[in-house]
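Everything numeric in this text was worked out from a predicted model, so none of it was measured. Order of the sequence lines fixes the chain letters, A, B, ..., with proteins taken first and strands second; residue numbering starts at 1 for each chain.
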Amino acid sequence: MHSSSPQTHHLHLLTPFEPNSKQKKTQFGYIRTKTHHGDISTYNSILLQLTKEKYDPILKSISLYQELLCSGISPNTFTFPCLLKLLANKCALAEGKLIHAHIIKLGLEYDAYIRNNLIRFYGQCGDISIASKLFDIFPDRDIVSWTILMSGYSKVGMFRESIKLFIQMMELNLEVDAVTVVSALSACSRLGDLKLGKKLHRYIKIRNVNLDVYAWNALVDMYAKCGDITCAYDLFKQMPERNIVTWNSMISGFVHAGEFIRALSVFRKMQNKGIDPDHTTLVSVLSACTNLGALEMGRWVHLYMLRMGFKPEGVLGNALVDMYAKCGVIDHAVQVFEGMMKRDVFTFSCLIIGFAMHGKAEKAMDLFSEMLTAGIEPNEVTFVGVLTACSHAGLVKEGLLQFDNMLKIYGLNPDVRHYGCVVDMLGRAGLLGKAEEFVKEMPIEPDSSIWGSLLAACKMHGNVEMGERVMQRALEMPSKEDGDYILMSNLYAFSNRHNDSIQVRKEMRRNKVRKIPGCSSIEIDGIVYEFRAGNKLSL
DNA sequence: ATAGGGTTAG
């Protein structure tokens, strides 16, 4: 692993700094001392301007700094925050360390702005240990230092550490503001720890923190991601001001909670308020459509995108491919896929799963090869698609090989989904003994879906003896599946053991296992309605 | 003149 940044070639520009020398030596020899931009404040304002540019003007900023040094001008406390911000955005760790040395040499390391920017710089560049060390030795850390370090931890996925800092602030009774609160809450969202989230919320109320729309959004998101969608929606309704992110958080919150109809209903409310959806909104809306099989609504999103000039690229493109693939219009999924400029592991995985689900195993496997050829590393989900394809096509040998390759070649640990695919594959192929053996030797605890697959295989091949054995194991599971009873009952019936068949049905009723009420959705004129068996149509 | 925050797919 090489840790050298791609900007290393600029390093020679940053020669050892001597503020008062008239000439600067670089690898290219002596550079004339000449002021191009006047005094230090002019340089600073140009640097500040650069931090606001859309593109990454790292070359420009470094050469500007270089020019400044060569002009014999001393950088001051206003120079470095801008410079560090520019370098942080590019993760130019090596250059930043040099700048850090310059800062120390100039004795500017005790400036609060510079210290905080250094912490931020190291945090952004992924060297969180340096960031935290700086924070620790910083005598005058303020609320900004705390927040910056919290963000640094979150950036590298150390959410517990991030929240630990907030708790420390609570214990020290330090002032917290809306920005600090956002950092803590978003770390909590990522952890999905509702208990912790509630604790933070209580503290926010006790301290009477003045919440702005960012903080409200973070609260809504925290409750949604931690599984309390009711509370999230209550806060959403009572918050004083909403923006597009608020709506997006609420829609994605409902999607996350599996409440797809309510997600679309919030989307409709958003439109009624005249708020135009952005990319993020459409991704969540497409996800809801995918899960509902709401093809017409999905098509509408696609048309809307075309009308508004939203390119089907990146996350949005992937969501569109997924929607078409799962809603049964595989040809459109392929069209969108082919129209995309860049395809990543998501794009490929969506289409591979799509092909596999449509019984097009060969296409799925071809696409998998194409993906590998393109140098895209597969992940766990890719293999769910690959194994599903093998299972449906009866490609047992290939499937077992791919299952083996997961860990051997790609270092991916198979989870219960993958084991389920293999059981399904062996079972469908009639290799019941092998399937049972495979389940016995699984390094993870089989769940009810595994037993279900095995039982389905027994039913398919009329193996009562094994079916009884499997059923026994299925009944040991904490959640009894109605499908298992029905499979077993049908297996008996198929084998002319009608009394046993009736017994199983009776036992199912005795154990109060009911077929889960059919819950589905339909679209009428592109409006998605949900209905449950026995219930009235409800929006 | 300079520093900290939110939403997105399989």
**OP:** Could you check whether L185(A) gets within reach of a base, just the sugar-phosphate, or nothing at all, counting any heavy atom under 4.0 Å?
**Re:** nothing
Original post:
With a 4.0 Å cut-off on heavy atoms, is S349(A) in touch with a base, just the backbone sugar-phosphate, or nothing at all?
Top reply: base
Original post:
Hey, is the side chain of S287(A) poking within less than 4.0 Å of OP1 or OP2 on dT8(B), counting only N and O atoms?
Top reply: no
Original post:
Near DNA chain B, which residues from residues 115-130 of chain A have a heavy atom under 4.0 Å away?
Top reply: N116(A), N117(A), R120(A)
Original post:
Relative to each other, are the rings of H100(A) and Y122(A) parallel, tilted or perpendicular (30° and 60° limits)?
Top reply: tilted
**OP:** Let me know which of T281(A), N243(A), D221(A) forms a side-chain hydrogen bond (donor to acceptor under 3.5 Å, both in side chains) with N248(A).
**Re:** T281(A)
Subject >> dT8(B) phosphate, OP1 or OP2, under 4.0 Å from K225(A) side-chain N/O >> reply: yes
Original post:
What does C350(A) touch in the nucleic acid at a heavy-atom separation under 4.0 angstrom: a base, only the sugar-phosphate, or nothing?
Top reply: sugar-phosphate
**OP:** Quickly work out the F159(A) CZ to dG5(B) C1' distance and round it to whole Å.
**Re:** 15 Å
Original post:
Among dT2(B), dG6(B), dG10(B), which is the nearest nucleotide to the side chain of T382(A)?
Top reply: dG10(B)
Original post:
Touch check for D278(A), heavy atoms < 4.0 angstrom, all strands: base, sugar-phosphate only, or nothing?
Top reply: nothing
**OP:** Using the side-chain hydrogen bond (donor to acceptor under 3.5 Å, both in side chains) rule, take D366(A) and S369(A) through it: C-alpha gap first, then chi angles, then the decisive distance, then the call.
**Re:** CA-CA 5 Å; D366(A) 286 349; S369(A) 306; 5.3 Å; no
Original post:
Hey, is the side chain of N217(A) pairing donor to acceptor with the base of dG5(B) inside 3.5 Å?
Top reply: no
Original post:
Is there a donor on the side chain of N248(A) or the base of dG6(B) sitting less than 3.5 Å from an acceptor on the other?
Top reply: no
**OP:** Name the nucleic acid region contacted by T180(A), choosing base, sugar-phosphate or nothing; use a 4.0 angstrom heavy-atom cut-off, strictly under.
**Re:** base
Distance-only donor-acceptor pairs under 3.5 Å for side chains of residues 376-388 of chain A, two or more places apart:
residue, atom, partner, partner atom, Å
N379(A), OD1, V381(A), N, 3.1
N379(A), OD1, T382(A), N, 3.1
N379(A), OD1, T382(A), OG1, 2.9
T382(A), OG1, S349(A), OG, 2.9
T382(A), OG1, N379(A), N, 3.0
T382(A), OG1, N379(A), O, 3.3
T388(A), OG1, V384(A), O, 2.5

**OP:** Mind checking A325(A) for me? I need base, sugar-phosphate or nothing, with any heavy atom below 4.0 Å counting as a touch.
**Re:** nothing
Original post:
If you draw the axis of the six-membered ring of F138(A), does the NZ or CZ of R115(A) fall within 45° of it and under 6.0 Å from the ring centre?
Top reply: yes
Original post:
For dT8(B), does either OP1 or OP2 sit under 4.0 Å from a side-chain N or O belonging to S252(A)?
Top reply: yes
Original post:
Does a side-chain N or O from K85(A) land closer than 4.0 Å to OP1 or OP2 of dT2(B), or not?
Top reply: no
Subject >> Of the listed nucleotides dA9(B), dG4(B), dA1(B), the one nearest the side chain of N76(A) >> reply: dA1(B)
Subject >> Stacked pair F78(A)-dT2(B), distance under 5.5 Å, angle under 30° >> reply: no
**OP:** Please work out if N44(A) contacts a base, only the sugar-phosphate, or nothing of the nucleic acid, heavy-atom cut-off 4.0 Å.
**Re:** base
**OP:** List the steps and the verdict of side-chain hydrogen bond (donor to acceptor under 3.5 Å, both in side chains) for S41(A) and N44(A).
**Re:** CA-CA 5 Å; S41(A) 58; N44(A) 288 344; over 6 Å; no
Original post:
Reckon D111(A) touches a base, only the sugar-phosphate, or nothing at all at heavy-atom distances under 4.0 Å?
Top reply: nothing
Subject >> Of all pairs that satisfy salt bridge (charged side-chain N to carboxylate O under 4.0 Å, His left out), the ones with a partner from residues 148-168 of chain A, not counting sequence neighbours >> reply: R160(A)-D193(A), E161(A)-K164(A)
**OP:** Calculate the interatomic distance between Y110(A) atom OH and dT2(B) atom C1'; express it in whole Å.
**Re:** 20 Å
